[in-house]
Number of protein chains: 2
Amino acid sequence: MKLSTKGRYGLKAMLDLAVHSVDGQVSLNSIAERQGLSENYLEQLFASLKKAKLIKSVRGPQGGYMLADSPENISVGDILRALEGSLAPTDCVSEDQGAGSCSNSGRCVTRSVWERIRDGINNVIDNITLQELIDDYLRNNNSRIIDNT
Amino acid sequence: MKLSTKGRYGLKAMLDLAVHSVDGQVSLNSIAERQGLSENYLEQLFASLKKAKLIKSVRGPQGGYMLADSPENISVGDILRALEGSLAPTDCVSEDQGAGSCSNSGRCVTRSVWERIRDGINNVIDNITLQELIDDYLRNNNSRIIDNT
DNA sequence: ATAATTCCTAGTAAATTACTAGGGTATTCA
DNA sequence: TGAATACCCTAGTAATTTACTAGGAATTAT
C-alpha cells in the first residue's frame, strides 16, 4: 500500500512547476535539477499529467510546461490519480475498472471495507488543492522544502 | 497503492475463522478449502497474525486456530497492519519506521499530505471491527459471501 | 540552420509479490 | 507406542511491477 515514485515525484514536480511558472513556462530540465530527479523519467510523468489536462506545454527553445488551470482548481487527488491511477485499495472497487468488474459485488462482505478505505483516501486528497501546498511552501520560503524523498 | 494478497486473503481468512470457530479451533486446511486459498500460503499469513497476537493455535490432530480475543476487540486495522505493515502511503510517515526516519520532516511541504492520507486510512480501518463484518455476514447468511477475490 | 526543447517508444536491472516445496515439531488416539 | 494430523519454519522461484535509461523524432525561437 505504498505510493510509487510516480505519485511522489509527480506531486513534487507539480508543486515546483506551480511555484516557478508564475511568469511563463518552465522547462523540465530546470524542474529535474531543482528537485534532483531524472529528466527522462519526469518526461513520462508529465505525459500522464498532460493527458489528464492538468498541464500544458510549449515546444521549442524557451518552451516548457505550465499549469492548465489555476492551482485552486487542481487537487492533490487530480495529480495522484493522473499518475497512479485509482488509489482504491483493490481493483474491485477501483474507479478505473468497468463498473461490473466484480460479479459478486452485492454479496461480498469485505467489499464494503475496501469501499470505505477508498472513500477515506479520496476524501483527503480531493480536499487538498495545489494552492494550499503553494501557500504552505511560500509561508516560510527560506526554510521550506518541497519534498526530500 | 493496492493492497497485496496478504491483506486481502488474510482478512478473508480471519473472517472465515471468526465465523467458524464458535466452538473450538478451526484447521487451516478447512479455511483454505472454503475460501479457495493455498494452505501453504495461508500458513505464512497466520504466522504474522499469531505474532501480532490476534490468533492462538492448538497443535496436533483436531488442532487449529482460534481468535485470541473477542471479535469486538479486533479491528480491521489490527489485521491489515499485522499482514501488510503500516498502511501509510510513504515510508517517511510510516508507523513502522523509527520516528526520525526523515531528516527534513519539519520543513517538508508534501509530508503533511502523506500524513493526512495515512490518518484517513487509519481512521477507517481502526473503526471497523471484525464483529461488524461477522454481523454483516450472518445478516443474510444464505446469500452472503466473504470475498471472491 | 542550429540548438533547445517537448514527444514517443523500447528496453532492462532490481525489487517485490505470490506463491511452492519440503522438512521439522507437537499432540492425539488407536 | 506409533501413526496420523495438524501447526511451524525456511528456502527457493516464476511472474510481475517498478524505476528507471537510451535514443531518436518533431517542433520552434533565434
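These numbers were taken from a predicted model, which means no experiment stands behind them. Convention: sequence-line order gives letters A, B, ...; per-chain numbering from 1.
- Considering only side-chain N and O atoms, B:Y9 lies under 4.0 angstrom from the phosphate OP1 or OP2 of C:dC19.
- At a cut-off of 3.5 angstrom, counting only N and O atoms as typed in the model, there is no donor on one side facing an acceptor on the other between the side-chain of A:Q25 and the base of C:dT5.
- Here the P atom of nucleotide C:dT5 and the CG atom of A:L42 are 15 Å apart, to the nearest Å.
- Checking C:dT20, D:dT28, D:dC9 against the side-chain heavy atoms of B:S38 singles out C:dT20 as nearest.
- Across the protein-nucleic acid pair, B:L45 atom CG and D:dC9 atom C1' stand 14 Å apart, rounded to whole Å.
- Across C:dA3, D:dA22, C:dG22, the shortest atom-to-atom separation from the side chain of B:N40 is found for C:dG22.
- Of the candidate nucleotides C:dG22, D:dA29, D:dA19, D:dA29 has the atom nearest to the side chain of A:Q62.
- Atom pair B:F46:CZ and D:dC7:P shows a separation of 9 Å (rounding to whole Å applied).
- Within the 4.0 Å cut-off from OP1 or OP2 of C:dT16, not a single side-chain nitrogen or oxygen of B:S4 is found.
- If you check the side chains of A:E95 and A:N122, you find a donor sitting under 3.5 Å from an acceptor.
- Side-chain contact of B:S94 with B:D91: a donor-acceptor pair under 3.5 Å is absent, judged by distance alone.
- Residue B:L3 contributes atom CG, which lies 17 Å from atom P of C:dT16 at whole-angstrom precision.
- Distance, B:L83 CG to C:dA18 P: 12 Å, rounded to whole Å.
- Side-chain atoms of A:T5 lie closest to D:dA19 of the nucleotides D:dA19, D:dC7, C:dT20.
- Under 4.0 angstrom from either OP1 or OP2 of C:dT6 there lies no side-chain N or O belonging to A:S27.
- Salt bridge status for B:D126 with B:R81: present, with a side-chain N to carboxylate O gap under 4.0 Å.
- Between A:K6 and D:dT17 there is no side-chain polar atom (N or O) within less than 4.0 angstrom of OP1 or OP2.
- For the pair B:Y41 OH and D:dA11 P, the interatomic distance rounds to 18 Å; values are reported in whole Å.
- Take the nearest nucleotide of DNA chain C for A:A47 and for B:E39: the residue whose nucleotide is more 5' is A:A47.
- A donor N or O paired with an acceptor N or O is not found under 3.5 Å between the base of C:dA4 and the side-chain atoms of A:N29.
- Side-chain to base pairing of A:E43 with C:dC8: one donor and one acceptor N or O lie within less than 3.5 Å of each other.
- B:K50 comes within contact range of the sugar-phosphate backbone alone, with a heavy-atom separation under 4.0 Å but no base atom that close.
- The side chain of B:R59 sits closest to C:dT27 out of C:dT27, C:dA21, D:dA19.
- Panel note: side chain A:N73, backbone A:D69; no donor-acceptor pair is recorded below 3.5 Å.
- Rounded to an integer number of Å, the gap from CD of B:E33 to C1' of D:dA6 is 14 Å.
- Candidate nucleotides D:dT21, C:dT28, C:dA18 were compared by shortest atom distance to the side chain of B:P61, and C:dT28 ranks first.
- Between B:V26 and B:M1, the residue whose closest nucleotide on DNA chain D is further toward the 5' end is B:V26.
- Across all strands, A:Y65 comes closer than 4.0 Å only to sugar-phosphate atoms, never to a base (heavy-atom distances).
- Note on A:D136 versus A:R139: salt bridge recorded, some NZ/NE/NH1/NH2 to OD/OE distance being below 4.0 Å.
- Rounded to an integer number of Å, the gap from B:M66 CE to D:dC7 C1' is 12 Å.
- For the residue pair B:Q25 / B:S57, no side-chain donor-acceptor distance below 3.5 Å is found, with atom types taken as modelled.
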